[in-house]
Trainee: 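I have a structure I would like to understand better, so I am pasting it below and will then ask my questions one at a time.
Hydrogens, waters and symmetry mates are skipped; everything else that's a heavy atom, side chains included, is used. Here, residue 1 is the first one in the sequence, and each next residue gets the next number.
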Amino acid sequence: MSTEREAERAALDAYSQVVTGAAERVLPSVAALAVRTARGGGAGSAVTFTDDGFLLTSAHVVAGATGGTATFGDGLETRFDVVGADPLSDLAVLRAHATGAPPAELGDADGLRIGQLVVAVGNPMGLAGSVTAGVVSGLGRSIPARDGRNLRLIDDVIQTDAALNPGNSGGALADSTGRVVGVNTAVAGYGLGLAVPINTTTRQIIGELVSDRRVRRAWLGVAGVPMPLPPALAERLGQKMGLRVVEVVPGSPAGVAGIYLGDVILSAGGRPISNVQALQRLMLGPAIGTRLPVTVLRKGALVDVVTVPAELGH
C-alpha cells in the first residue's frame with residue numbers, strides 16, 4: 001500500500017514539476033491589459049513574443065481601441081499601441097512603449113495530441129499571473145468570427161479543460177515545455193476552454209500584422225459543403241471528401257474561371273480540399289492575384305480550371 005502511495009506522490013510531483021516549470025517560463029512574458037474605448041473599459045491578457053516589445057493578444061480584447069496599459073508580473077507598467085488586429089482570426093499585435101519583458105517562445109499547435117498537458121497563463125478577473133492546467137480535450141474545432149459582413153470560421157481551434165475566465169482572453173496556452181501553442185479566447189457563451197492555435201497559418205497572419213498592420217485575404221467567391229467522393233475516385237485520390245459548390249458569386253474569380261454550381265472541388269494549388277477550412281487556409285495574402293489551379297469533379301469527369309483570387313473587400 002505504501003508503495004502505491006509513493007508512486008502516486010511521485011506522479012503528482014512529476015505533474016507539478018511540469019506545470020510549475022512551464023508556468024515559470026511563460027509568466028514573465030504575460031501582461032495584464034487595461035483597455036479603454038469609446039464604449040468604456042475592458043481587460044484581458046497578452047504575451048510578449050519579441051525582444052523589442054511586440055505582444056500578441058485576442059482581437060476582441062482590443063476591439064475599438066488604439067492603445068492601453070500593459071502590466072507585467074514584475075511590476076513593469078507600460079503604455080501600448082495596437083499595431084494591427086484581425087477579427088477573422090481573433091488575433092491582434094500590440095507594441096509596448098517600454099521593453100524589458102522576456103519574449104515567450106512560440107511553438108507549433110499542429111503537433112498537439114488529444115490528452116496532452118497544457119497550461120493556460122493569463123489574468124482572469126484582475127487576478128494577475130493566474131495559472132491553470134489541463135489537457136487538450138479536442139482538436140480541429142471551429143468557431144465563427146465576423147468582420148463586418150465577412151464571416152469566417154477560425155479553424156483548428158484547440159479545446160482544453162484548463163479553466164478560462166474573463167480576462168484570460170489573449171493570454172498564453174503553453175505546452176509542457178513552456179512554448180506558446182495557442183492564444184486563449186474565453187468567448188462568453190461557449191462554456192469551453194478554447195485557444196486560437198499558433199501554427200504556420202497564424203504565424204503568417206501575425207507576421208502580416210507586424211509588417212503591414214492588417215491581414216490581406218484572398219477571395220474566390222464560392223460557397224461549398226463537404227461531400228463524400230465516389231468510392232473508386234476516393235481510393236484513386238486517397239481522399240474521401242470533396243467540397244460541393246452550392247453558390248458561385250456572379251463575376252467572382254471562381255465564376256470568371258468557370259467553376260459552376262454542382263462542381264465538387266477536389267484540390268486547389270495541388271492541395272486536397274475536403275472542407276471549407278482547407279480552402280480558407282489558402283486564401284491569405286500571397287494568393288491574391290496569382291494563378292491558383294483548381295481541380296473539380298464535374299458530371300463524373302475531372303476538370304482543371306485556373307482561378308486568380310482577388311483581394312477580399314476590394
Trainee: For the residue pair Val157 and Thr185, establish whether any side-chain heavy-atom pair is separated by less than 4.5 Å.
Mentor: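 Val157 vs Thr185: side chains apart.
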
Trainee: Under 4.5 Å between any side-chain heavy atoms of Leu297 and Leu302, yes or no?
Mentor: yes

Trainee: Verify side-chain contact (heavy atoms from CB on, under 4.5 Å) between Val256 and Val308, making sure each step is shown before the conclusion.
Mentor: CA-CA 9 Å; Val256 170; Val308 181; over 6 Å; no

Trainee: Leu33 and Ala70: which non-hydrogen atoms are nearest, and at how many Å?
Mentor: CD2-CB, 3.8 Å

Trainee: Under a 4.5 Å cut-off applied to non-hydrogen side-chain atoms, are Leu56 and Val93 in contact?
Mentor: yes

Trainee: Distance from Ser130 atom OG to Asn168 atom CG, nearest 0.5 Å?
Mentor: 6.0 Å

Trainee: For a quick test of reading the model, state the closest non-hydrogen atom pair linking Phe54 to Thr50 and the distance between them.
Mentor: N-OG1, 3.0 Å

Trainee: Does any N or O in the side chain of Ser58 come within less than 3.5 Å of the main-chain N or O of Asn184, such that one atom is a donor and the other an acceptor?
Mentor: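 Side chain of Ser58 to backbone of Asn184, a donor-acceptor pair under 3.5 Å: yes, one is there.
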
Trainee: Can Arg298 and Asp263 be counted as an ion pair, charged N to O under 4.0 angstrom?
Mentor: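 Yes, charged N to carboxylate O under 4.0 Å.
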
Trainee: Considering only heavy atoms from C-beta outward, does the side chain of Thr307 approach that of Pro309 to under 4.5 Å?
Mentor: yes

Trainee: Give a yes or no on whether Val276 and Met283 share a hydrophobic cluster (residues Ile, Leu, Val, Met, Phe, Trp, Tyr; joining criterion: side-chain heavy atoms under 4.5 Å apart).
Mentor: yes

Trainee: Going from OG1 on Thr71 to CG on Leu76, what distance comes out if it is rounded to the nearest 0.5 angstrom?
Mentor: 8.0 Å

Trainee: Within the distance-only criterion (no hydrogens, no angle test), does the side chain of Thr295 pair as donor or acceptor with the backbone N or O of Asp304 below 3.5 angstrom?
Mentor: no

Trainee: Please answer whether the main-chain N or O of Thr69 pairs with a side-chain N or O of Glu77 as donor and acceptor at a distance below 3.5 Å.
Mentor: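 The answer is no, because no donor-acceptor pair under 3.5 Å joins these two groups.
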
Trainee: I need the minimum non-hydrogen distance between Pro197 and Ala109, along with the two atoms involved.
Mentor: CB-CB, 3.6 Å

Trainee: Is any side-chain heavy atom of Ile198 closer than 4.5 Å to a side-chain heavy atom of Ile206?
Mentor: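 Contact flag for Ile198/Ile206 side chains = yes.
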
Trainee: Tell me, with the steps shown, if Tyr15 and Leu117 meet side-chain contact (heavy atoms from CB on, under 4.5 Å).
Mentor: CA-CA 9 Å; Tyr15 174 86; Leu117 175 66; 3.6 Å; yes

Trainee: Is there a continuous path of hydrophobic side-chain contacts, each under 4.5 Å between heavy atoms, that joins Met227 to Leu266?
Mentor: yes

Trainee: Any non-hydrogen side-chain atom of Ile205 less than 4.5 Å from a side-chain atom of Leu88?
Mentor: no

Trainee: Atom CZ of residue position Arg203 - does it have more than 12 heavy atoms of other residues, nucleotides or ligands inside 6.0 Å?
Mentor: yes

Trainee: Would Val18 end up clustered with Val119 when hydrophobic side chains under 4.5 Å apart are linked, directly or stepwise?
Mentor: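 Linked, Val18 and Val119 end up in one cluster.
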
Trainee: Do Val61 and Val30 land in one hydrophobic cluster if side-chain heavy atoms of ILVMFWY residues count as linked below 4.5 Å?
Mentor: no

Trainee: If you take all heavy atoms of Pro272 and Ala278, which pair is closest and at what distance?
Mentor: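 Minimum heavy-atom separation between Pro272 and Ala278: O-CB, 4.1 Å.
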
Trainee: Would you say the side-chain atoms of Ser29 pair up with the backbone N or O of Thr48, donor to acceptor, closer than 3.5 Å?
Mentor: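 No; zero donor-acceptor contacts below 3.5 Å.
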
Trainee: Just how far is it from atom CG of Asp86 to atom CZ of Arg216, taken to the nearest 0.5 Å?
Mentor: 13.5 Å

Trainee: Roughly how far, to the nearest 0.5 Å, is OG1 of Thr160 from CG of Leu112?
Mentor: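 Reported value, rounded in 0.5 Å steps: 10.0 Å.
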
Trainee: Show the nearest heavy-atom pair for residues Leu229 and Gln239, with the distance to one decimal.
Mentor: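 Closest heavy-atom pair between Leu229 and Gln239: CD1-O, 3.3 Å.
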
Trainee: So which pairs with a foot in residues 107-123 pass salt bridge (Lys or Arg N to Asp or Glu O under 4.0 Å), sequence neighbours left out?
Mentor: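 Non-adjacent pairs meeting salt bridge (Lys or Arg N to Asp or Glu O under 4.0 Å): zero.
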
Trainee: Taking Arg179's backbone N and O only, do any of them form a donor-acceptor pair with Arg25's side chain (distance below 3.5 Å, no angle check)?
Mentor: no

Trainee: Look up atom OG1 in Thr201 and atom CZ in Arg281, then write down how far apart they are to the nearest 0.5 Å.
Mentor: 6.5 Å

Trainee: I'd like to know if the side chain of Asp81 and the backbone of Gly67 have a donor-acceptor N/O pair within less than 3.5 Å.
Mentor: no

Trainee: Shortest non-hydrogen contact from Arg36 to Ala65?
Mentor: O-CB, 4.0 Å

Trainee: Would you say Thr57's side chain and Ser45's backbone share a donor-acceptor pair under 3.5 angstrom?
Mentor: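 Checking the backbone N and O of Ser45 against the side chain of Thr57, a donor-acceptor pair under 3.5 Å is found.
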
Trainee: Begin with the C-alpha distance, continue with both residues' side-chain angles, and end with the deciding distance and a verdict on side-chain contact (heavy atoms from CB on, under 4.5 Å) for Val183 and Thr202.
Mentor: CA-CA 10 Å; Val183 176; Thr202 50; over 6 Å; no

Trainee: Taking the side chain as every heavy atom from C-beta outward, state whether Ser89 and Arg217 have any atom pair closer than 4.5 Å.
Mentor: yes

Trainee: About how many Å separate CG of Leu220 and CD of Gln280, when rounded to the nearest 0.5 Å?
Mentor: 11.5 Å

Trainee: Taking Ser137 for the side chain and Gln159 for the main chain, is one N or O donor matched with an acceptor at less than 3.5 Å?
Mentor: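 Yes, the answer is positive, given that a donor and an acceptor are paired below the 3.5 Å cut-off.
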
Trainee: Is any side-chain heavy atom of Val83 closer than 4.5 Å to one of Val210?
Mentor: no

Trainee: Do Val180 and Val131 sit in one hydrophobic cluster, given that two such residues count as connected whenever their side-chain heavy atoms are within less than 4.5 Å of each other, even indirectly?
Mentor: yes

